[in-house]
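Data block below; observations after.
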Amino acid sequence: MSPSPAGPQDPGAATARPGVLETRLTTGLSREEFARDIWSRTALLTRRASDFCDLFSAGAVDELVSRRGLRTPFLRVAKNGTTLPDASFTSPAGVGATIADQVDDTALWREFADGATLVLQALQRTWAPVGDLTARLAAELGHPVQANAYVTPPQNRGFDAHYDVHDVFVLQIEGAKRWIVHRPVHPDPLRDQPWTDHREAVAEAAQGEPYLDTVLEPGDVLYLPRGWLHAAEAQGAVSVHLTLGVHAWTRYALAEQLMRAALSELRDDPWMRGSLPLGAAGPDDATAPVRARLLAAVDGADPAPGFHRARRGGARPGPLGPLAQLTAVDHLASATPVRLRDALEARLHDRRLMTCVGWLDFPEADLPALTRLLAGDVRTAGDLGLACARRLLRAGVLVPAAQ
């Protein structure tokens, strides 16, 4: 059996109904139009895209920093363009919670009152509504998505002009923030090409005429492709905004997997494992035949297995409640509603179901049911067969449909 096509689609693929992108982030612009005209090409400002009060708020900020026992790196603090040391806002949390790097809300308040910006990182892991949104958006785009919240006091900014190595959607939640955006000095940077590699060029470009100089108010959304320069400053009140970071898979990443597959094949070639001649002053004499074999290996290489492994390795599966899971296993019946766990990067290859939480081999008789599961056509444990459903529940691949 060939690999199942199940999995995220590219941003230009059609969907059955409008998703997060159309309904909340690019209102008035279809997914197809965004993919064709905007994605990875240019900045986009959408006024009054959505009411985001269901996602996040100032109250959520206070709860997270004062009641949730956050630890670094889930929070960082920046002032005057510099990230403060963790020790300036963390401390042990008292009896029974003496871990040294928990947020100290008193120290944090003093830094904030003195003009520091609070950055709540990986918010998809600590605030459920944001986690649900990022999971849905990642499934639509076919690229991983994470979320940070930036909380900036009035008339302050956290960071100087810089660029990110991922695309971003900026969602203004509360207050207002002025954004100054410039075109890239290094278009489409890779993940290991940060803005600090081009610090002088970034600083020079930031002095020029901006591509966009605007104030975001609650409900506004700004999309910036990776590499676009930006700096932001809160206006007359505390500003709270979410940044959804889209860590796009690139052609370079695919090329890396292609080369790895080719080199893996060449390890089994005795001639390629042979030593260069004695007295060789350099590789010049051997380059032509080695290049020929390398090109042949690249031409015949299949990057898919490595690429999908990388995708699974970068994926964080959807939530799994152990108590609900145990109840589902103990009370499993044909009518028990079940579904594939979110964000598993699940694929069927021959008789092996591969996911980001591990792999399972299945008998031939189970393959049609597994194919239906990956296609979204399974609704109950009986649709899969009780033995297969129980095994998938125990492995954390299947979850109760209500979870």
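We use all heavy atoms of the structure for the numbers below, so side chains are in, but hydrogens, waters and symmetry mates are not. For reference, positions follow the sequence shown, starting with 1.
- Panel note: side chain T27, backbone A49; a donor-acceptor pair is recorded below 3.5 Å.
- Taking every heavy atom of both residues into account, A232 and K177 meet most closely at CB-CE, 3.7 Å.
- Expressed to the nearest 0.5 Å, how far CH2 of W179 lies from CD of Q172 amounts to 8.5 Å.
- The minimum heavy-atom distance between A346 and L353, with the atom names listed, is CB-CD1, 4.5 Å.
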For residues 386-400, which side-chain donor-acceptor pairs fall under 3.5 Å, sequence neighbours excluded?
residue : atom : partner : partner atom : Å
R391    : NH1  : D361    : O            : 2.7
R391    : NH2  : D361    : O            : 3.1

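- No side-chain heavy atom of V168 sits less than 4.5 Å from a side-chain heavy atom of L244.
- Proximity of D132 to L55: side-chain heavy atoms (C-beta onward) are nowhere separated by under 4.5 Å.
- Between the side chains of N148 and Q146, a donor-acceptor pair is found at a separation under 3.5 Å.
- In this structure, the side chain of R191 engages the main chain of H247 through a donor-acceptor pair within 3.5 Å.
- Under 3.5 Å, the side chains of T26 and E33 contain no donor-acceptor pair of N or O atoms.
- The distance from atom CG of L212 to atom CG of L222, rounded to the nearest 0.5 Å, is 6.5 Å.
- Here D213 pairs with R178 in a salt bridge; the nearest charged N to carboxylate O distance falls below 4.0 Å.
- Side chains of E345 and H308: a donor-acceptor N/O pair is absent below 3.5 angstrom, by distance only.
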Audit row: H182, I180, side chain to side chain contact (heavy atoms under 4.5 Å, CB included) steps and yes/no: CA-CA 7 Å; H182 291 82; I180 301 176; 3.6 Å; yes

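- The local environment of CZ in R48 is sparse, with at most 12 non-hydrogen atoms from other residues, nucleotides or ligands closer than 6.0 Å.
- When every heavy atom of D54 is checked against every heavy atom of P129, the shortest pair comes out as O-CB, 3.5 Å.
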Side chain to side chain contact (heavy atoms under 4.5 Å, CB included) evaluation trace for L75 with Q121: CA-CA 6 Å; L75 177 74; Q121 300 193 129; over 6 Å; no

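- Between L254 and F307, the closest side-chain pair of non-hydrogen atoms falls below 4.5 Å.
- Side-chain atoms of E140 come within 3.5 Å of backbone N or O of V20 as a donor-acceptor pair.
- Within the 4.5 Å cutoff, the side chain of L294 has heavy atoms near those of the L266 side chain.
- Between T117 and T152, the side chains place a donor N or O and an acceptor N or O closer than 3.5 Å (distance only, hydrogens not considered).
- For the pair W271/P289, a side-chain contact is recorded, criterion being any heavy-atom separation below 4.5 Å from C-beta on.
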Would you give me the side-chain donor-acceptor pairs under 3.5 Å for residues 194-202, sequence neighbours excluded?
none

Side chain to side chain contact (heavy atoms under 4.5 Å, CB included) evaluation trace for I38 with L29: CA-CA 10 Å; I38 306 299; L29 191 68; 4.0 Å; yes

ring-ring contact (aromatic ring centres under 6.0 Å, His included) between H162 and H230, worked out: CA-CA 6 Å; H162 64 284; H230 55 277; 4.4 Å; yes

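- Contact check for R273 versus R267: no side-chain heavy atoms found under the 4.5 Å cut-off.
- Remark: of the listed residues N80, T83, T82, T83 is the sole one forming a side-chain contact (heavy atoms from CB on, under 4.5 Å) with F159.
- Distance check: S88 OG to R110 CZ gives 12.5 Å after rounding to the nearest 0.5 Å.
- Without hydrogens or angle criteria, S66 side chain to D62 main chain gives a donor-acceptor distance under 3.5 Å.
- Residues meeting the salt bridge (Lys or Arg N to Asp or Glu O under 4.0 Å) test with E217, sequence neighbours left out: none.
- The closest donor-acceptor contact from the side chain of R24 to the backbone of D51 lies under 3.5 Å.
- In terms of modelled atom types and a separation under 3.5 Å, the side chain of S50 and the main chain of F52 share no donor-acceptor contact.
- Here OG1 of T214 is found 6.0 Å from CG of L216. Values are rounded to the nearest 0.5 Å.
- Checked by atom type and distance alone, the side chain of Q102 never pairs as donor or acceptor with a backbone atom of L70 at under 3.5 Å.
- Between L367 atom CG and L373 atom CG the span is 12.0 Å, to the nearest 0.5 Å.
- Using a cutoff of 4.0 Å between basic side-chain nitrogens and carboxylate oxygens, D105 and R68 are not scored as salt-bridged.
- With hydrogens and angles disregarded, no donor-acceptor distance shorter than 3.5 Å links the side chain of T243 to the backbone of V170.
- Between D167 and A248, the shortest heavy-atom contact is OD1-CB, 4.4 Å.
- The closest side-chain heavy-atom distance from H241 to L171 is not below 4.5 Å.
- Ring pair W127/F56 is perpendicular by interplanar angle, where above 60° counts as perpendicular and below 30° as parallel.
- One N or O on the side chain of Q193 and one on the backbone of L190 form a donor-acceptor pair closer than 3.5 Å.
- Side-chain contact, T250 with R226: no donor N or O sits under 3.5 Å from an acceptor N or O.
- Taking the ring centre of W228 as origin, the terminal cationic atom of R41 falls outside the region bounded by 6.0 Å and 45° from the ring axis.
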Derivation and outcome, side chain to side chain contact (heavy atoms under 4.5 Å, CB included), residues V65 and L120: CA-CA 9 Å; V65 300; L120 292 157; 4.1 Å; yes

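- The distance from atom CH2 of W39 to atom OH of Y223, rounded to the nearest 0.5 Å, is 5.0 Å.
- For R316, the CZ atom sits in a loose shell: 12 or fewer heavy atoms of surrounding residues, nucleotides or ligands are nearer than 6.0 Å.
- Under the 4.0 Å criterion applied to side-chain N and carboxylate O atoms, R372 and D383 are not assigned as salt-bridge partners.
- Pairing each heavy atom of K79 with each of L84, the nearest pair is CB-CD2, 4.3 Å.
- Between the side chains of T42 and Y211, at least one donor N or O lies within less than 3.5 Å of an accepting N or O.
- Between V215 and Q235, the shortest heavy-atom contact is CG1-CG, 4.3 Å.
- Not a single donor-acceptor pair under 3.5 Å links the side chain of D101 to the backbone N or O of R71.
- L25 is listed as a side-chain neighbour of L137, based on a closest heavy-atom distance under 4.5 Å.
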